[in-house]
J.: 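This is the structure I have questions about; it appears just below.
Hydrogens, waters and symmetry mates are skipped; everything else that's a heavy atom, side chains included, is used.
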Amino acid sequence: MELSVVMPCLNEAETVETCVRKTIGFFEDSGIDGEVVIADNGSTDGSQQLARDAGARVVPVVDKGYGNALMGGIRSARGRYVAMGDADDSYDFTTLGPFLDELRDGADLVMGNRFKGGIAPGAMPPLHRYLGNPVLSFVGRLFFGSKIGDFHCGLRAFNKESILRLGLQTGGMEFASEMVVKATLQKYDIREVPTTLSPDGRTRSPTSTPGGTAGATCASSCSTARAGCS
């Protein structure tokens, strides 16, 4: 199998089915041998069955947290390549083609760049858009030599074996930072493609906000990443 798309899930009944169907439609339209893996972190709203009915494979992950859920899904993925993104319908999984092209060309990690692809009105809080994410991306460039322009983009794809070799340890939202920092320190081939961001498709408030939480824990995750690569 070529591509597994992993989505962490915690009570995403409003949007998970849409995300799964869009992704499977992308596979079919592009002739890709792929699967959707829903890494469920203990949903109680029926998300699991909705995902299965839409065509996904559901992997229960007991350890709580964004990073733990994703690692559970990544380890269970059957594809040579893995893409990851939230199950809240904010990312367009039908546009994974450029990510896959870069992976086929030899990239270890392909990051989406929402600032180049387009951020819809209401999709990102102004504080994150104009201060948090730009500043954290600058910090990544300054201290780790990262050339990534959108350090915390949740839509990314990678060679599964390459990422597993990094030994990622963080279980929360800081997982996203740790992945980029460790990949940079290991001198992986990291590339970037434009991607879009739409407003969260759920009516409830997000369980957590990646930009804010990741920003608050960036120093911790970067310290962990540097220690793990020393």
Side-chain angles (χ1 to χ4, degrees), residues 1-61 66-104 110-114 117-124 153-158 160 163 176 193-210:
M1 183 175 290
E2 185 173 31
L3 179 63
S4 297
V5 177
V6 175
M7 304 178 197
C9 178
L10 179 59
N11 295 327
E12 311 287 2
E14 291 184 289
T15 51
V16 67
E17 184 178 7
T18 297
C19 293
V20 172
R21 293 193 186 281
K22 283 183 178 180
T23 308
I24 291 177
F26 163 71
F27 292 154
E28 294 173 347
D29 292 343
S30 305
I32 293 170
D33 181 16
E35 65 170 353
V36 180
V37 178
I38 298 298
D40 187 74
N41 217 193
S43 296
T44 57
D45 65 349
S47 293
Q48 303 95 325
Q49 192 57 49
L50 289 168
R52 291 189 188 99
D53 290 345
R57 181 164 60 91
V58 177
V59 176
V61 181
Y66 175 80
N68 287 328
L70 280 168
M71 279 308 303
I74 292 166
R75 291 191 185 100
S76 299
R78 297 166 180 163
R80 176 183 180 187
Y81 306 122
V82 175
M84 59 177 249
D86 297 336
D88 60 7
D89 203 25
S90 59
Y91 290 112
D92 187 356
F93 292 102
T94 68
T95 61
L96 287 172
F99 291 82
L100 188 55
D101 289 341
E102 296 294 343
L103 291 171
R104 288 168 173 166
V110 184
M111 297 289 297
N113 188 316
R114 298 164 293 184
I119 300 172
M124 184 184 292
C153 182
L155 187 63
R156 57 187 71 181
F158 42 84
K160 177 182 175 181
I163 293 304
V193 298
T195 194
T196 58
L197 183 70
S198 299
D200 188 327
R202 303 166 297 185
T203 56
R204 66 174 173 83
S205 298
T207 303
S208 56
T209 52

J.: Check V61 against A39 and note the closest heavy-atom contact, atom names and distance.
T.: CG2-CB, 4.1 Å

J.: Under 4.5 Å between any side-chain heavy atoms of K22 and Y91, yes or no?
T.: no

J.: Side-chain contact, heavy-atom cut-off 4.5 Å: D86 with P8?
T.: yes

J.: Would a distance-only check, ignoring hydrogens and angles, find a side-chain to backbone donor-acceptor pair under 3.5 Å from S43 to N11?
T.: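 Between the backbone of N11 and the side chain of S43 there is a qualifying donor-acceptor contact (under 3.5 Å).
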
J.: Tell me the closest heavy-atom pair linking I119 and R114, and the distance in Å.
T.: CG1-O, 3.4 Å

J.: Is there a side-chain contact between F27 and V5 (heavy atoms, below 4.5 Å)?
T.: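 Answer yes - side chains close enough.
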
J.: Assess whether a salt bridge exists between R202 and E14, defined as any Lys/Arg side-chain N lying under 4.0 Å from an Asp/Glu carboxylate O.
T.: no

J.: What distance separates F158 CZ from F99 CZ, expressed to the nearest 0.5 Å?
T.: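 One gets 11.5 Å once the value is rounded to the nearest 0.5 Å.
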
J.: How far apart are the closest heavy atoms of C153 and M111, and which atoms are they?
T.: O-CE, 3.9 Å

J.: At their closest point, which heavy atom of A83 faces which heavy atom of L3, and how far apart are they?
T.: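 Looking at all heavy atoms of both residues, the shortest contact is N-CD1, 3.9 Å.
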
J.: Could you tell me which residues satisfy salt bridge (Lys or Arg N to Asp or Glu O under 4.0 Å) with R80, sequence neighbours excluded, listed by chain and number?
T.: none

J.: So, using side chain to side chain contact (heavy atoms under 4.5 Å, CB included) as the criterion, who are the partners of S90 when residues are at least two apart?
T.: D88, L197

J.: About how many Å separate CD1 of I24 and OG1 of T94, when rounded to the nearest 0.5 Å?
T.: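 Output value for this atom pair is 13.5 Å.
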
J.: Is there a side-chain contact between D40 and P60 in this structure, where contact means two heavy atoms from C-beta onward sitting under 4.5 Å apart?
T.: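 No - every pair of side-chain heavy atoms lies 4.5 Å or more apart.
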
J.: Test of understanding: with side-chain hydrogen bond (donor to acceptor under 3.5 Å, both in side chains), list the residues that count as partners of K160, not counting sequence neighbours.
T.: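 Residues passing side-chain hydrogen bond (donor to acceptor under 3.5 Å, both in side chains) with K160: none at all.
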
J.: Could you give the distance from CD1 (I38) to OG (S47), rounded to the nearest 0.5 Å?
T.: 8.5 Å

J.: Taking side chain as C-beta onward, heavy atoms only, is E35 less than 4.5 Å from M1?
T.: yes

J.: Could you tell me the separation between the OH atom of Y66 and the CE atom of M84, rounded to the nearest 0.5 Å?
T.: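 The distance works out to 3.5 Å.
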
J.: Which distance, rounded to the nearest 0.5 Å, do you find between the CG of L70 and the CZ of R156?
T.: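 Those atoms lie 9.0 Å apart.
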
J.: Check side chain to side chain contact (heavy atoms under 4.5 Å, CB included) between P199 and all other residues, then give those that pass, not counting sequence neighbours.
T.: A120, A123

J.: So, for A77 and V82, which heavy atoms are closest and what is the spacing to 0.1 Å?
T.: CB-CG2, 3.9 Å

J.: Can you sort out the partners of R104 under side chain to side chain contact (heavy atoms under 4.5 Å, CB included), two or more places apart, ordered by chain and number?
T.: E2, I32, Y81, L100, D101

J.: My understanding is that only residues two or more places apart in sequence, or in another chain, count here; which of them pass side chain to side chain contact (heavy atoms under 4.5 Å, CB included) with Q49?
T.: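 For Q49 the side chain to side chain contact (heavy atoms under 4.5 Å, CB included) partners, ignoring immediate neighbours, are R52, D53.
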
J.: Are the side chain of N113 and the backbone N or O of P194 linked by a donor-acceptor pair below 3.5 Å?
T.: no

J.: Report yes if the side chains of E102 and V193 come closer than 4.5 Å at any heavy-atom pair, otherwise no.
T.: yes

J.: When you measure from the side chain of S4 to the backbone of G79, do you find a donor-acceptor pair of N or O atoms at a distance under 3.5 Å?
T.: yes

J.: Mind checking the CD-OG1 spacing from E12 to T18? Nearest 0.5 Å is all I need.
T.: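 Separation between the atoms: 11.5 Å.
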
J.: Is there a side-chain contact between F93 and L155 (heavy atoms, below 4.5 Å)?
T.: yes

